[in-house]
Structure formats: structure tokens, C-alpha cells
Engineer: 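Encoded as C-alpha cells, here's the structure I'll be asking about.
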Number of protein chains: 2
Amino acid sequence: MGRKRTKSGKIRLAEVAELAGVSPITASRFFRNPEALSLAKRTRVESAAKELGYVPNLAARALASQRTEVIGVLIPSLTNNVFSDVLRGIYDASEGNRYSIQLSNTRYSILQEEKLLRLFLAQKPAGLIVTGIDQTAESRAMLEAADCPIVQIMEIGPDPVDMMIGFSHYDAARAAVAHLFDQGRRRIGFVGARMDPRVQRRLDGYVSAMKDAALFEQRLVVTTATPTSVTLGGALFADLLAREPGLDAVFCANDDLALGVLFECRRREIGVPDQIAIVGFNDLEFMASAVPTLTSVRTNRYEMGKTAATMLIEAIDGRRPEQPVLDLGFKIIERQSSMPRHSESRPAASGAGATANKMVALPSGHD
Amino acid sequence: MGRKRTKSGKIRLAEVAELAGVSPITASRFFRNPEALSLAKRTRVESAAKELGYVPNLAARALASQRTEVIGVLIPSLTNNVFSDVLRGIYDASEGNRYSIQLSNTRYSILQEEKLLRLFLAQKPAGLIVTGIDQTAESRAMLEAADCPIVQIMEIGPDPVDMMIGFSHYDAARAAVAHLFDQGRRRIGFVGARMDPRVQRRLDGYVSAMKDAALFEQRLVVTTATPTSVTLGGALFADLLAREPGLDAVFCANDDLALGVLFECRRREIGVPDQIAIVGFNDLEFMASAVPTLTSVRTNRYEMGKTAATMLIEAIDGRRPEQPVLDLGFKIIERQSSMPRHSESRPAASGAGATANKMVALPSGHD
DNA sequence: GTCGGTGCTGGTAGCGCTGTCAACGTTCCT
DNA sequence: AGGAACGTTGACAGCGCTACCAGCACCGAC
């Protein structure tokens with residue numbers, strides 16, 4: 001392989017123990033439960049380990065202890081910004097403790113998820129983070145039978161496998177539509193892509209809110225199974241507009257689509273919000289910076305990942321949370337794109353950068 | 001933990017061997033090197049394994065064989081879109097074979113990188129993917145001494161540790177500036193954030209191109225160590241404009257900044273490209289969809305990740321690539337934002353969505 | 001003074017798999 | 001026909017660590 005072959009710089013636990021003048025078992029305990037040692041031995045082992053640069057062999061530990069210190073994470077996409085925030089939270093929370101993250105991408109396929117789950121479970125993970133609540137029956141059964149704590153993330157539902165953290169996409173969508181009603185909008189379109197279960201529930205929320213107001217029409221809904229993108233937002237909006245020229249607002253299932261809609265409006269010289277209001281979903285960073293600034297539903301993605309991993313680790317360590325289901329909520333961040341029609345839609349020419357920055361500094365979404 | 005405790009559904013290799021009527025070693029070989037078995041035994045072991053639902057115990061395998069089937073990946077950011085594309089490539093390439101990805105986030109700190117490297121190396125990974133060429137001396141030494149193939153990604157340099165795949169950020173930046181020269185621009189500003197080594201090399205490329213044309217001035221450069229964002233792009237551009245009102249183009253170190261600049265121009269009613277041309281870097285999806293569409297330097301991020309992982313796995317399996325350093329190149333994707341001044345800057349009102357889509361379908365950047 | 005409890009420590013015995021090497025049967029060559 | 005060469009198989013001996021349980025010292029309680 002062209003690479004040097006080291007003798008595998010093996011410093012074993014036994015060597016540490018020898019240098020410290022204790023038995024290997026005592027040394028082992030030092031790494032797993034230092035409080036169980038007398039102070040004298042603890043310091044002896046500690047300095048011996050440091051002196052030798054000892055690093056435990058995880059494979060041996062896993063084999064002997066019949067469990068790993070791996071947290072399996074199943075997410076449906078690596079591309080979606082939403083998941084990169086969640087992941088960052090998970091990785092941040094797992095830092096500094098002994099657990100390591102094993103990530104797998106289900107690509108929005110519950111069959112793939114089932115396969116990966118089987119793989120994970122076979123290695124006896126310390127814990128599992130899975131996305132959503134729509135598993136196959138088989139997956140569900142495996143999760144129920146799993147001998148480790150499990151957190152379902154991204155949304156909440158009535159029947160948690162174990163723990164659960166997220167928010168109601170249905171309620172969030174209803175709130176977004178209610179906001180548009182408040183702004184005097186009536187003919188509100190829905191634009192959605194990928195149509196995974198969570199987007200579907202956003203659609204359901206939109207439909208129910210529209211029906212409650214007796215404003216629902218099927219032609220107001222444009223969706224596709226295609227993965228989301230900014231460009232796609234523009235294309236779907238074009239479709240929507242062709243079907244319903246009297247449109248006065250669009251609720252987009254995510255922010256990329258919303259940005260695409262905004263660009264398409266600009267292309268067609270449709271005033272935002274004067275002619276059409278736009279509301280996105282997730283409140284990605286650019287929403288506060290667009291012109292006009294774009295209203296969105298803020299979701300606490302980083303916090304979700306971080307809390308999920310923290311809860312999971314606590315549970316692994318035997319400290320189960322008092323509250324296994326956590327609703328992180330959401331927050332409508334009202335910006336220019338959904339202001340009432342007669343308000344001025346464009347900010348003063350200069351100093352607008354400051355305006356955008358001010359939007360970013362709005363009260364954070366931890367509701 | 002409130003979870004059922006299974007008896008740990010252990011089907012050992014020995015049981016498979018017994019059912020198949022062979023020795024455990026033969027069964028073991030079946031999973032590692034099936035060609036070494038006679039066809040009869042191979043099928044016997046195969047069906048026995050399937051019948052019992054055998055899943056190998058990776059910990060035991062790692063312990064006995066003194067090596068893992070883990071590929072360590074060190075990247076500086078989980079937030080940055082650029083890395084999510086690279087990661088996706090890496091994960092895609094690692095699918096279907098027996099290697100699993102272990103990801104760690106250095107957060108743009110080479111000290112953190114060194115720490116993580118030490119951690120990884122202690123577990124004897126099968127291979128390593130590290131970002132960039134700017135390691136600490138200590139890290140470099142560890143990499144040199146490592147007993148596994150290593151791929152450095154994201155850029156190429158003169159002194160690979162082992163394998164290397166990327167492109168020259170310096171050349172790419174020079175090409176971007178040359179493109180702006182071609183379009184008749186002279187007072188070209190540079191906007192950069194985070195200023196990690198690769199952004200720094202883009203700046204170096206910009207500076208050298210500007211100096212070659214005797215057009216360089218320090219005040220044309222605005223940078224910050226702050227992490228990048230769309231909003232930040234607007235703010236940095238505002239700074240730049242205050243320093244140099246005669247500006248006629250901006251080269252942005254990434255696309256988020258470029259989008260921020262575009263929005264800021266819109267806010268200030270500065271025509272793009274009539275007054276100011278904008279060029280971004282990476283060619284994220286939204287660049288083709290913005291209004292006007294935004295010129296960018298296309299980089300082959302997904303391919304980079306995928307190829308890196310593929311090369312690495314091949315090398316692990318003993319098939320080292322003939323060419324250990326791979327330059328994936330880049331490509332200037334010329335769009336409206338950098339058209340010459342006198343051309344019409346806005347497309348026809350309708351059908352522009354199609355235009356944007358056409359841009360997306362341009363010949364791919366495999367130079 | 002003996003007893004049981006508590007805190008700490010150590011010995012024994014694997015966890016499930018694979019590296020090494022020897023041995024076997026078969027084929028091919030001379 | 002004999003032997004070497006090859007392909008295939010199996011026995012043995014751990015990999016480095018920890019679970020389990022026993023043992024020791026020391027304590028206070030009866």
C-alpha cells in the first residue's frame with residue numbers, strides 16, 4: 001500500500017495496570033467508573049495511562065461487554081439543509097462523551113430504513129435516533145424489541161416507540177395559513193416537493209385550515225415527488241399560477257421552494273407582497289436576508305438534534321427523562337413577504353442591510 | 001429503560017458452521033473470501049447463514065483481525081452546503097460494501113483535527129479521508145505513519161500524504177477574475193468569510209490575477225473570520241461599496257455570499273449586471289434560479305466525495321490507483337450576473353423559469 | 001468479640017472471531 | 001508411477017477487554 005507499517009503501537013490496559021501497580025481490572029474500572037476506585041489508585045492509573053498514551057481498544061471493549069458505545073442515526077437525506085442542522089446538533093451533543101455517532105441515509109425510503117435498522121440493531125447500538133414516525137410494521141417491531149433507548153425526531157405523534165422530540169407539522173402549517181388569513185389573504189396556494197410524510201402533514205394542515213375557512217380548492221395545491229430545489233419552487237409556482245391566476249398567497253412546504261417562488265415572481269414582475277404573499281417553512285438563514293425578507297415558520301432544528309442526542313445519552317446512562325415526548329414547537333417569523341397588501345413592500349434603499357440583520361436578531365424560535 | 005430486554009439474539013458463526021456441516025473457520029472464510037471455498041461448501045454455508053439470519057459480530061472480527069472496517073472522515077463543517085454534497089458522495093460510495101463511515105467535525109480547527117486524528121488512528125481505521133492540506137506538523141506526522149490509505153480532499157497540493165483529490169482554488173479564483181476581465185470589468189472587489197485555507201487560496205488567486213492586470217488595491221478586499229451566510233454577504237458588500245463606490249464587479253468566495261450581495265444590490269437598487277457584476281463560487285443549485293441568474297465557479301463536490309471514497313476503498317482492498325493525485329478541475333458557469341454592461345440584464349417576463357432550468361442542464365463541470 | 005455490611009480489589013473465564021500453519025485430497029508433471 | 005504443486009479444510013491459540021464473583025480490610029452494631 002506504499003504506507004509504512006507500524007508495529008501497531010499497542011499499549012494495552014494490562015501495561016497501564018502494571019505501571020500503576022494495580023490489577024488490569026482495577027485499571028479497567030478507572031475508565032468506566034473512576035468513582036469506584038480509591039483516590040490513590042485513581043491517580044496512579046490516571047498518570048500511568050497518560051504516561052503511556054493509552055487508548056482503549058473499542059473492539060475489545062465491545063466484545064467483552066456485549067455492547068457498543070455507538071449511537072445509530074437514521075436520517076432520510078444528507079442534502080437537505082434541515083437535516084444538516086439536526087445533525088450538527090446531534091454531533092455537538094455527542095462530543096466529549098464516549099459515544100460515537102453512526103450515520104446512515106435512508107433516502108426517504110422506509111424499506112431502506114428497515115434494512116439499515118436491521119443492520120444497526122445487529123451491532124447492539126447503545127442508542128438509536130430515527131427520523132419520523134412512519135416506519136414499516138417490521139421496523140416498528142424491531143424498534144419495540146430493541147434493547148436500547150430510541151428517540152424519534154422531527155415530529156411528534158401519538159404513539160412513541162420510546163422517546164420522541166419534534167413538533168407538529170400539521171399545526172405549524174395551520175398556523176402559517178392562519179397568519180396569511182390574518183394578513184387578508186384568501187386564495188392561498190400550496191407548493192410542495194418530495195412529499196415525504198412531514199411535508200404531507202404540512203399539506204394536511206394547510207388543507208384543514210383552508211377547509212375550515214371554506215376556501216379550499218384542489219387546484220390550489222401543486223405538489224411533486226421530485227426532490228426539492230429553488231428552481232423547482234419557481235416551476236411549481238408557475239404551474240400554480242397557470243391554474244389559479246387569482247392567487248394572492250403561496251404557502252411553501254420549505255424555504256428553498258419559497259425562494260424559488262420569490263425569484264419567479266421577480267422574473268414575472270409580480271409584486272411581493274403587494275400581489276402575492278409568500279410564506280416558507282423552516283426559516284433558513286437566507287429568509288431574513290432576501291428582498292423582500294421572507295416570512296417563514298421557524299423550526300428548532302439544531303436544538304432538536306442536540307436535545308435528542310442528549311436525551312438519548314442520558315437514557316443510555318440510566319437517567320430517563322421525566323417527559324419522554326418533547327414538543328419543541330415552532331414560530332411564525334413574520335417578515336415583509338406576507339405583509340398586508342397596501343403596506344410598502346420595499347425598504348429604503350440604503351441601510352437595508354441593517355434591516356436584514358435586525359431580522360436575524362429577532363427573538364429566537366425557542367418558543 | 002422501559003424497553004424489552006431480548007436475550008440478545010446471538011447466532012454465532014459456529015452455529016452457522018455446524019448447520020452447514022463445516023468448521024467455523026471455513027464458515028468464516030465464506031464471509032471474507034468466498035472464492036476460496038469449494039462451490040459445495042460455499043452454498044451450504046450460504047444457505048445456513050441465511051436460514052439462521054446470521055449477522056457477523058463486527059467487534060469480534062475487529063478484535064481478532066486487528067483491524068476495523070471503518071473509514072474515518074474529518075471535515076471542518078456540517079453546516080456548509082459544500083460539505084454536505086461531498087459527504088453525500090462519500091456515503092453513496094461506501095454503500096453496498098462492508099466499510100462504514102465514521103464522521104467527525106473539526107470545526108475548522110486544525111488542533112481539533114489533530115485530536116480527532118489521534119482518536120481515529122488509535123482505532124486502526126481501514127482508511128481515512130481528511131479535508132485539505134493544512135494539517136499541523138503533528139497531524140502530518142501521524143498521517144505519514146498511519147498504517148492505512150489516506151485521501152486528502154477538497155484541494156490539491158504538491159505534497160500528498162498518500163492520495164489526493166480536489167482542484168486548485170487558486171486557479172479557480174484566477175479564472176473567475178479573468179472571466180470578469182473578459183466581460184470588461186476592472187474594479188473588482190473580493191468578498192470572503194470564514195477565511196479557511198481554501199478561501200484564503202481563492203483570495204490569493206484573486207490578488208494575483210488583479211496584480212497581473214495592475215488593478216489590485218487592498219481596499220477592494222473585504223473579509224471576515226465570521227462563518228459565512230447570505231446576510232453576511234450583504235453586509236460585507238455594503239462595506240466594500242462604502243470603501244470603493246466605483247466598484248463594477250464582486251467576486252464572492254462562495255455562493256451564499258453572492259446571494260447576499262445580490263439581495264443587497266436589489267435593496268439599494270443597484271443593477272446587476274448593469275452596474276455591478278457578481279460571481280460566486282461552488283455553483284450551488286439556487287445560482288441558476290436567481291434573478292438575474294448568478295455566475296459561479298462550478299466545483300464537483302459530489303463527485304469529489306464519491307471518488308475519494310471509491311479510491312480509498314480500492315486502495316484498502318489493495319488496488320491502489322495508478323494516479324494518486326486527481327485534479328477534478330472546475331468550470332466557470334457564465335450567467336446573467338456577469339454579462340457585459342450594455343446587454344439586457346433582465347430576461348423576458350415569462351418562460352424565464354425555463355431559462356433557469358436550461359442553465360442547470362449545462363454541460364457538467366467535469367473539465 | 002463476633003457478625004454483617006460496605007468499599008475496594010483481584011482472579012478466572014470467556015466475548016466471537018480470525019491468523020497461522022499444518023494436513024488433507026486431488027491434479028498435473030516428469 | 002512418484003512426487004511436487006495446488007486448492008481446500010481444520011485445529012489451535014489468542015485479540016484486549018470486562019462480567020462475575022470472591023476476597024480482603026475495615027467499619028459499626030449487637
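Numbers restart at 1 for each chain; the letters A, B, ... are given by sequence-line order, proteins then strands.
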Engineer: Under 4.0 Å, counting only non-hydrogen atoms across every strand here, what does A:Arg32 touch: a base, just sugar-phosphate, or nothing?
Structural biologist: sugar-phosphate
Engineer: Going 5' to 3' along DNA chain C, between which two nucleotides do contacts with chain A fall, using a heavy-atom cut-off of 4.0 Å?
Structural biologist: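 Nucleotide range with atoms under 4.0 Å of chain A: C:dC8 to C:dG16.
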Engineer: Choose from D:dT18, D:dG10, D:dG16 the nucleotide whose nearest atom is closest to any side-chain atom of A:Arg61.
Structural biologist: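 Minimum distance to the A:Arg61 side chain belongs to D:dT18.
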Engineer: In terms of the nearest nucleotide of DNA chain D, which residue is placed more toward the 5' end: B:Ala64 or B:Val22?
Structural biologist: B:Val22
Engineer: How many whole angstroms separate atom CG of B:Leu13 from atom C1' of D:dA11?
Structural biologist: 15 Å
Engineer: Excluding sequence neighbours, so at least two apart, what forms side-chain hydrogen bond (donor to acceptor under 3.5 Å, both in side chains) with A:Tyr99?
Structural biologist: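 Listed in chain order: A:Asp317.
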Engineer: Can you tell me how far P of D:dC17 sits from CZ of A:Phe30, to the nearest Å?
Structural biologist: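 Going from CZ in A:Phe30 over to P in D:dC17 covers 14 Å.
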Engineer: Would you say D:dG10 has OP1 or OP2 under 4.0 Å from some side-chain N or O of B:Ser23?
Structural biologist: yes
Engineer: Side chain to side chain contact (heavy atoms under 4.5 Å, CB included) with A:Met311: which of A:Pro321, A:Pro324, A:Pro149?
Structural biologist: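 Only one option passes, and that is A:Pro321.
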Engineer: From the set D:dC12, D:dG16, D:dT9, return the single nucleotide nearest to any side-chain atom of B:Ile25.
Structural biologist: D:dC12
Engineer: Counting only side-chain nitrogens and oxygens, does B:Ser38 get under 4.0 Å of the OP1 or OP2 atom of D:dT8?
Structural biologist: no
Engineer: Please report the end-to-end axis angle for the helix from C:dG1-D:dC30 to C:dT30-D:dA1, five pairs per end, rounded to 10 degrees.
Structural biologist: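 It comes to 40° between the two terminal axes.
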Engineer: Contact class for B:Arg67 vs. all strands (heavy atom < 4.0 Å): base, sugar-phosphate, or nothing?
Structural biologist: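 The residue B:Arg67 makes sugar-phosphate contact but no base contact.
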Engineer: Between A:Arg29 (CZ) and D:dA19 (P), how many Å, whole number?
Structural biologist: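 So the CZ-P distance, A:Arg29 to D:dA19, works out to 10 Å.
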Engineer: Write down the distance between CG (B:Leu39) and P (D:dT8), rounded to a whole number of angstrom.
Structural biologist: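 Distance check: B:Leu39 CG to D:dT8 P gives 10 Å.
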Engineer: Checking all strands, does B:Ala36 fall into the base, sugar-phosphate, or nothing category for heavy-atom contacts under 4.0 angstrom?
Structural biologist: sugar-phosphate
Engineer: Would you say A:Tyr54 reaches D:dG16's phosphate, i.e. side-chain N/O to OP1/OP2 under 4.0 Å?
Structural biologist: no
